[in-house]
Amino acid sequence: MTGEPTASALLILGLCVVSAFSFGQRKPVDAQGHQWWQHAVFYEIYPRSFADSNNDGIGDLKGIESKLGYLQKLGVDAIWITPCYPSPQVDFGYDVSDYENIDPMYGTLADFDHLANVAKGKHIRIIMDFVMNHTSEQHPWFLDSKSSRVSDHRDWYIWRDGKGDGKPPNNWISGFGGSTWKLDPATGQYYYHYFASAQPDLNWRNPAVEKAMFDVTRFWYRHGVSGFRLDAVDLLLEDPELRDNPILAGLNEMGDPKMLEQHNDKLPENHDVLRRLRGVADENGAVLVGETYTDSAAELKEYYGTHNDEIQLPMDFMFCKVDRLSAPEFRKQIALAESTGGWPTYVIGNHDMERSYVRYGDGKHNDEIAKLMAALYLTLRGTPVMYYGEELGMTNNDPMRKEDVKDPMGITGWPGYKGRDGERTPMQWSDGTNAGFTGGTPWLPIPSTYRKYNVASESKDPNSILQFYRHLLRLRHQDRALLDGDYLPLNEDNTNVLSYLRRYQNEAVLVALNMSASVQEINFDLTKQGFSPARMKVLLTTLNSPPKAGGDRVSLEPFAVYVARLSK
Ligand code: GLC
């Protein structure tokens, strides 16, 4: 039979395509046995600030849905939506009062299902934020818990008598400033809150808590989510004896004494919970991404689980703690991540830290440096988690006056610490009013740089940061060496240029990044790896005049990116 395919033939073809991309299953996506999340690019969305569909100044789920086409074109495979559950918004959603619903400010559960469906059609998965360490003080569990010493949920939280004379049960300091203990005058006991007092910690030693919380994950799996980002996972359990922590010299950024959080941070028992949580995730073919603030390779390694049975993607914050462009420092951190034997998860920014554009920028070459940082973490072996707006070169817009601060950390920490509002400003869609984010008044002020750094303008500029990200992500998705290849550091003594190979069988991609403000001439000795620089094909570069293929010496302009394919 010849001629045009019939409508029914097209329909059958279409159904085959859809079923080949099946969510929630654990089929390997390559010969190495990698799972979908090892080839995926994740993208964090702070829903208050992404896109506002109803002009109330706050983003929402319909707004996110309207931008899925943008994300697909960018090359994003999974979005992590920070908490959009009902919440009094003391910590902008990280204080959850109902885990199984959507806050009306963001829409409805039906809107979520619709979003999930449309996303699926665009091959974009959804990861929800699992705020598992604490609830809101308005959660019905906590309301019941504080209603009396013998209430059903009393033991769902951590209550203790004080030490007398108005002294709390111990010396622990909250991440949001002050003591971690708040006295409830009605029942005469203190409850524990690592973060704001409006965020009481759950008692994960109580099996009923674990059951209820694991059921929350099952609820969202039924709604089509592909996994969770685990909030504050280092802090799940506390020393049952609540022993004092050792005090260290000096004050932290909130003005409190520094302490070694020996008895309430990264307790070994956390891992038992994680293993069981992973069991539930595995039943649903889901991925767990961890907010894991580790201090060593050993701690990071532990999060994967002794038998790879805990968190598949523990975020490596040691990598992004390298707060300056330094080839030796990044080389060291990559080696450290590689040494765990796990699949690395790289991040350069999120809603809790100053934007990467500012952190790495030198004030003069920020655009070049933004591209360089992208080329670094998007060509490494591992899974990257982007932060919305990073692909545009969005900058921080920190509050100038205390009365403008919205973040509870900024309110307590002012003026030493101005909080996190600066990195949470609305996504910059166009150079129009309010950067095209809302027709109302945006909940946070948009930095004036939006006129240049926005999706519409950058889409028209071939040299923009956005176009660079698009090229890079396309390359990353298509190139086997970038997806699956090993990481082999090159020229390890070079203090200015970070270079490495991603090697896959007989092919390799070479990445060279000039982390300095001066021109760097480099030679690659690839004989050990069996490659000849004579067979180099440039894939992506920011060099104004790319070296001709075949040269073994490359001259890199300040902050230049050079990515080339090698073959044997
Ligand atoms: C995590 C979140 C942060 C939040 C805190 C308390 O660190 O990323 O934004 O304030 O947990 O939930």
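As the structure is a prediction and not an experimental result, all values here were calculated from the model. Both ligands and their constituent atoms are indexed starting at 1 by order of listing.
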Legend entry - Polar side-chain atom of Tyr304 near backbone of Trp343 as donor-acceptor pair, under 3.5 Å: yes
Inset, instruction - Under the ring-ring contact (aromatic ring centres under 6.0 Å, His included) rule, collect the residues that match up with Phe214, sequence neighbours excluded. - result: none
Inset, instruction - Show the protein residues that qualify under the rule heavy atom under 4.0 Å from an atom of ligand 1, listing them in chain and number order. - result: Asp91, Tyr94, His134, Phe176, Phe195, Gln199, Arg229, Asp231, Glu291, His351, Asp352, Arg420, Arg424
Legend entry - Nearest-0.5 Å distance, OG of residue Ser339 to CD of residue Gln333: 10.0 Å
Inset, instruction - Not counting sequence neighbours, which residues clear side-chain hydrogen bond (donor to acceptor under 3.5 Å, both in side chains) with Gln199? List them please. - result: Asp91
Legend entry - Separation of Met132 CE from Leu230 CG (nearest 0.5 Å): 6.0 Å
Inset, instruction - Please name all residues satisfying side-chain hydrogen bond (donor to acceptor under 3.5 Å, both in side chains) with Gln38, sequence neighbours left out, ordered by chain then number. - result: none
